[in-house]
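In what follows, chains carry the letters A, B, and so on, assigned in the order in which the sequence lines appear, proteins first and then strands, with residues in each chain numbered from 1.
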Amino acid sequence: MGKYLLRRFAFMIITLWVIITISFFFMKLLPGTPFDDERIPEAVLENMMAQYGLDKSIPEQYVLYLTNVVQGDFGVSYRIKNRDVTTIIAEKFAPSAIIGIHALIISVPLGIILGMIAALRRGTAIDYAAVGFAVIGFAIPSFVVAVALQYLIAGNGLLPSALWGTYKHVILPSIALALSMFAYYARMMRSEMLEVLGQDYIKTAKSKGLSRPVIIFKHAFRNSLIPIITSLPVVILFTISGSLVIEQIYSIPGLGTELVKSVLSRDYTVSMGLTLFYAVMYIVALFIVDILYSVVDPRIRVAGGSE
Amino acid sequence: MSINPSTPEGKFTPLNKETLFANEKDYKSVSFSQDVWRRLKKHKPAMVSIFVLITITLFVFVGPFMNEHDATAQNYEVIKLKPTMEGSYWFGTDDLGRDMWTRTWDGAKVSLLIGVIAALLDVVFGIVYGVISGYFGGRTDFIMMRFIEIIVGIPNIIITILLVIILEPGITAIIIAIAVSGWAGMARLVRGQVLSLKNREFILAARSLGTKPAKMMRVHLIPNMVGPVLVNISFTIPYAIFAEAVLSFIGLGVPVPDASLGTLINDGRKFLLTGSPYLLFIPATILTLIVTAFSIFGDGLRDAVDPRLRK
């Protein structure tokens, strides 16, 4: 296990290094500089470029950036004066995370419940309605849901249509973000539950004379949760790290909005910092998934080793 | 009671051929595509989706010619007209007096074009990458797959935005950017297919006959994974259309005066709460129909291609 973890960790470092390299040179390919303003005199511009080290050659800048990142220094923003990247990410993370957590709290339990009901009432009108909802709810683009909510609910003055500040501002974006996840988990839970219900151990449980609730909750429910639990780390990290679309529509000062702003204004350090942040989140999530698999499902540990 | 081995005359008569083969129907052999189509026809939601998609495609080509208005002609006498039969402004007009009927169908054409071409690029690149990785296996496969693992660590949206800016915003840039950020999934799928096909007998037979790798891939491997690849395409197209709309939202969509459904929706957002919600909702409805229809069709196709996967 120790050796496995070490190898895994080494691969994570290499992954991050490659990601830094690719995105660094990509960002440098962007036309223009962070200080594209005709009103800035030539001499001042040169000074500014020198201060941020942008006058050096690109390989030099790359080495400098890499050394700084290794030491935990992600640089300062070119756009907002005297603000370092870590602070900006920490600040913008809060709104994204709040909306994401709300969306998760709404969608995952509801999806699991709906999927379970549909599976247990297979072939009935309830099942068809749930499946229909799941298919359409997952296929409708999130921004359509977001603007429809804006029109129907904010348009009637029930809730604010955009911006950030009070708890009221959290509700609409959270619902808009939650819908597709709700549909996704409902569908996943239904198909998993159906599969588990067809397993031999459920037959055994039935023939032992166990009551229906015990069979459903103790045997079927817990086993159908396995793929849902293992899918959660990636989904959670993606959800809390901000949806660009939802943030854009509701004008929320979150990570997604910040990413767009920084890229459009060539704020290299912030864009790079955000790219790295997302990459780290993703890699960590995959790592947790791997560990979760062996924790949640002992069958994998027994059969495992090969994969 | 002795058993008479010989057939007593008159007790048994030989059957004539007609009665003998009466129950033997002449079964025609069914090709893979016919089989898929037969199963797909039974999937009602998928059939409705095909109908929706065909209808929209028809309107995309015919719609702009159904009235006399031009997509980019501005007319300040008819600004923000509600949908009306008068003057054949069936979908109304926008803030510059442009006819929304023509603009919507032209926009849908651009969106569909972006979706289809980006998906096709994904397929081509994904197949080449996946087949090479899966077929050669070993170290090649290891390196190619690690590379994909690293690539998917960079969020799609960042790659897409960066590429669009670098290539200068335009339809071509958008298509390339979306394709570049989406090929990894296709490559993984194709590699998996190749790995499972590789051990089949017909591949072994072909190899023992001395088939060269290039011909092996072209003749034996690729035609045998058409099903899963088609299913993947029907999910990639709506993803690409969605991605294009997201780009429009951050100002990197199709440049003016052209329009896509994404840019129309984004433009319409300004007038959502100021009395002209139709400027947003008409293109949004068309886009939702296209995206939803493709996803539902993809679901049906997946069941039809491989009934074992049915859930």
> Between B:F242 and A:F143, how do the two ring planes meet: parallel, tilted or perpendicular, split at 30° and 60°?
Replying inline: parallel

> Out of curiosity, A:I246 CD1 to B:F249 CZ, how far, rounded to the nearest 0.5 Å?
Replying inline: 9.5 Å

>> Under 4.5 Å from any heavy atom of chain B, what part of A:L244 do you find: side chain, backbone, both or neither?
In response: side chain

> With only heavy atoms counted, which part of B:D299 is less than 4.5 Å from chain A, the side chain, the backbone, both or neither?
Replying inline: side chain

> Highest number of heavy-atom pairs under 4.5 Å with chain B: which of A:V260, A:I19, A:L16?
Replying inline: A:I19

>> Heavy-atom pairs under 4.5 Å with chain A: which of B:I250, B:L252, B:I151 has the most?
In response: B:I250

> Relative to chain B, which segment of A:I22 carries a heavy atom at a distance below 4.5 Å: side chain, backbone, both, or neither?
Replying inline: side chain

>> Assess the residue pair B:I166 and A:M27 against the criterion (side chain to side chain contact (heavy atoms under 4.5 Å, CB included)); give the C-alpha distance rounded to whole Å, side-chain angles, the decisive distance to 0.1 Å, and a yes or no.
In response: CA-CA 9 Å; B:I166 292 170; A:M27 304 246 174; over 6 Å; no

>> Is it the case that atom OH in A:Y128 sees more than 12 heavy atoms from other parts of the structure closer than 6.0 Å?
In response: no

> In terms of heavy-atom proximity below 4.5 Å to chain B, should A:T257 be classed as side chain, backbone, both, or neither?
Replying inline: neither

> Quick one: what part of A:F138 sits under 4.5 Å from any heavy atom of chain B, side chain, backbone, both or neither?
Replying inline: neither

> Rounded to the nearest 0.5 Å, how far does CD of B:E149 lie from CD1 of A:I283?
Replying inline: 10.0 Å

> Side chain, backbone, both or neither: which part of B:L162 has an atom under 4.5 Å from a heavy atom of chain A?
Replying inline: both

> After noting the C-alpha distance and the side-chain angles of A:L259 and B:I157, does the key distance pass the side chain to side chain contact (heavy atoms under 4.5 Å, CB included) rule?
Replying inline: CA-CA 10 Å; A:L259 176 74; B:I157 192 71; 4.2 Å; yes

> Could you walk me through whether B:I158 and A:F26 pass the side chain to side chain contact (heavy atoms under 4.5 Å, CB included) check?
Replying inline: CA-CA 10 Å; B:I158 295 184; A:F26 251 126; over 6 Å; no

>> For B:F281, which atoms come within 4.5 Å of any heavy atom of chain A: side chain, backbone, both, or neither?
In response: side chain

>> For A:F11 versus B:I150, what's the shortest heavy-atom pair and its separation?
In response: CZ-CG1, 4.4 Å

>> So for A:V135, is it side chain, backbone, both, or neither that comes closer than 4.5 Å to the heavy atoms of chain B?
In response: side chain

>> Does A:R8 have more than 12 heavy atoms from other residues, nucleotides or ligands lying within 6.0 Å of its CZ?
In response: yes

> With only heavy atoms counted, which part of B:L167 is less than 4.5 Å from chain A, the side chain, the backbone, both or neither?
Replying inline: neither

> When only pairs under 4.5 Å are counted, which of A:A279, A:P141, A:G256 shares the most heavy-atom pairs with chain B?
Replying inline: A:P141

>> Report which part of B:I265 has an atom under 4.5 Å of a heavy atom belonging to chain A: side chain, backbone, both, or neither.
In response: side chain

> So how far is it from A:Y278 OH to B:I154 CD1, rounded to the nearest 0.5 Å?
Replying inline: 14.0 Å

